[in-house]
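The block underneath contains the structure these notes are about, expressed in structure tokens.
All figures in this text were calculated on a predicted structure; none of them were measured in a lab.
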Amino acid sequence: MALPGSTLSRRAGGAPVSSRLLPHLFLILESDQPLSPSVRMSLEGVDTVQVGRTGQFVAKREGPGGRRLVIGLPDSWVSTSHAVLRYTAPSWFIEDTRSKNGTLVNGRQERLAELGDGDLIELGHTFFLFRDALPTTADGPDLLKSSEIRAAAPGLATLVPSLAAELRKLESISASKVSVVLQGESGTGKEVIATAMHRLSGRSGPFLPVNCGGLPETLIESELFGSRKGAFSGADKDRPGLVRSADHGTLFLDEIGELTASAQSALLRLLQDGEILPIGATQPIRVDVRFLAASNRDLDAQVALGLFRADLLARIAGFAVWLPPVRERREDLGILIAAILKRQLADRAGEISFSCDAARALLLYHWPLNVRELEKWLAASIVLCGGHRIEIEHLPVRAQGGPEMAKTGSPKPDPKGVLRAKEDSELRKKEQLIGLLQEHGGNISAVARALGKARPQVQRWIKRYGIKLGGPRK
């Protein structure tokens with residue numbers, strides 16, 4: 001039975017989980033020291049939050065019933081008594097207590113302001129995110145630092161309670177042979193999670209990622225299942241295929257929704273029987289492979305449209321997880337930024353800092369291309385800043401509305417901005433496609449190879465963008 005005031009949420013791959021909607025305050029980023037831990041603080045039972053400067057980070061409850069939360073920040077730009085958050089039903093308010101450098105909400109100076117879900121609070125060089133009603137499991141701690149998260153593998157760390165619960169389930173089943181489908185937008189980290197699961201599996205074989213959309217349509221089955229010498233024209237030797245190459249390991253089928261109907265049928269037989277039949281062979285070969293799959297499409301919707309086999313989805317999705325886009329897990333931006341800096345700079349990561357304008361732009365941007373986009377931006381910014389302080393002019397955001405978004409203070413994805421980003425992306429894709437068609441004389445197969453996509457996908461894009469091909473199509 002759910003607790004009073006709680007909701008039951010059924011997450012993909014599991015039974016209903018009791019969760020409560022509680023207000024939270026997240027310390028996302030200290031711009032001068034971006035490697036410092038992010039912190040999640042529950043505001044359950046709290047009606048006052050006092051924030052000021054101290055020698056080191058402190059967060060403790062005081063007063064009768066612990067209803068006052070006192071936060072101390074080691075930020076020299078924060079005043080001794082800087083700001084107070086108060087709950088006056090039904091809303092939370094923030095008041096600047098005559099601080100030297102002021103209090104900003106979504107990039108605007110505020111003396112007194114009502115807080116909304118997802119608002120970005122800036123005190124000195126420290127950035128907080130306010131969440132009004134965050135789904136939280138009953139066993140969640142009142143305070144959690146990112147440095148205290150016991151993630152079993154890279155890619156499995158988050159401060160978002162609901163996502164943390166899903167990632168813990170993935171850790172639990174990593175050592176099993178249960179097949180898993182990871183769904184989410186492009187760039188949300190599906191391959192990172194799959195790699196982490198393989199590391200936890202203890203399997204002796206390799207982790208082998210396969211871009212299903214990049215497999216040539218006429219060679220999909222031979223690429224996956226192998227072939228015997230002489231099985232078809234050009235088969236000059238025995239080839240094991242990708243499945244056998246992943247024996248005793250993990251085969252990661254990225255963008256599985258791109259597989260053709262015939263390849264889906266062959267994959268279904270493999271999942272059912274644990275055997276493959278190479279093209280030209282007469283005897284099946286048993287394999288020991290763990291399957292992980294990913295898709296940026298809704299596979300249930302693909303099944304409803306007749307584009308994906310229902311029986312294959314039932315076999316491949318022993319457990320299914322949806323990975324949220326960055327705009328829906330902004331609480332983790334500090335963790336993501338720190339992890340990317342460490343990955344790109346190793347021991348030199350501690351030399352990087354951000355100006356407040358740059359940090360604000362990063363935290364307010366809607367990230368339509370998710371973690372992959374964040375990683376590319378940081379890589380470029382590190383080079384432009386000389387490996388030290390990243391300023392607003394070092395971020396490649398001006399053409400996409402990043403600084404403008406920071407100045408206007410929009411805390412949530414801007415519908416017009418998202419639409420504009422999508423339109424820009426579609427325009428770039430169309431221009432790229434037209435350029436490749438011109439370069440290859442309209443040869444669709446050559447264009448598909450250049451893009452690393454299947455020929456039918458290129459044909460669908462040509463139809464979508466209304467591109468007229470001169471002469472016969474090849």
Whether over 12 other heavy atoms sit under 6.0 Å from [X] [atom1]:
X	atom1	value
Gln56	CD	no
Arg111	CZ	yes
Lys177	NZ	yes

Which atom names give the shortest non-hydrogen contact between Pro37 and Leu27, and what distance separates them?
-> O-CD2, 4.4 Å
State, to 0.1 Å, how close Pro324 and Thr188 come at their nearest heavy-atom pair, and which atoms those are.
->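 Heavy atoms of Pro324 and Thr188 come nearest at O-CG2, 3.7 Å.
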Side chain to side chain contact (heavy atoms under 4.5 Å, CB included) partner of Val46, the single match among Arg68, Arg67, Arg61, Arg86 | Arg61
Identify the residue among Arg203, Arg199, Met197, His198 that makes a side chain to side chain contact (heavy atoms under 4.5 Å, CB included) with Ser174.
->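 So, applying the side chain to side chain contact (heavy atoms under 4.5 Å, CB included) to Ser174 and each of Arg203, Arg199, Met197, His198, only Met197 qualifies.
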Does [X] reach the side chain of [Y], with side-chain heavy atoms less than 4.5 Å apart?
X	Y	answer
Ile352	Ile390	yes
Gln50	Leu69	no
Tyr365	Val326	no
Leu200	Leu156	yes
Ile121	Leu25	yes
Pro135	Leu21	yes
Leu292	Leu182	no

Check whether [X] reaches the backbone of [Y] with its side chain - one donor and one acceptor, N or O, closer than 3.5 Å.
X	Y	answer
Lys190	Glu185	yes
Ser295	Ile256	no
Ser146	Ser38	yes

Any ring pair (Phe, Tyr, Trp, His ring centres under 6.0 Å) involving [range]? Give me the pairs, sequence neighbours left out, ordered by first then second residue.
range	answer
residues 106-125	Trp77-His125
residues 140-167	none
residues 133-192	none

Does a donor on one side chain and an acceptor on the other come within less than 3.5 Å for Ser381 and His394?
-> no
Ignoring hydrogens and angles, state whether a donor on the side chain of Ser186 or Arg372 is under 3.5 Å from an acceptor on the partner side chain.
-> yes
May I ask you to decide whether Glu331 forms a salt bridge with Arg40, counting only side-chain N to carboxylate O separations under 4.0 Å?
->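 Judged by the 4.0 Å cut-off on N to carboxylate O distance, Glu331 and Arg40 do not form a salt bridge.
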Hey, are Glu62 and Lys60 close enough for a salt bridge, meaning a charged N less than 4.0 Å from a carboxylate O?
-> yes
Roughly how far, to the nearest 0.5 Å, is the CG atom of Leu22 from the OG1 atom of Thr136?
-> 4.5 Å
Once you round to the nearest 0.5 Å, how far does CG of Leu129 lie from CG of Leu134?
-> 9.5 Å
For the pair Tyr87 and Trp92, name the ring-plane relationship: parallel under 30°, tilted 30 to 60°, perpendicular over 60°.
->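 Answer is tilted, since the angle falls between 30° and 60°.
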Verdict with reasoning, Glu166 to Lys169, per salt bridge (charged side-chain N to carboxylate O under 4.0 Å, His left out) | CA-CA 5 Å; Glu166 291 301 294; Lys169 293 177 187 177; 3.1 Å; yes
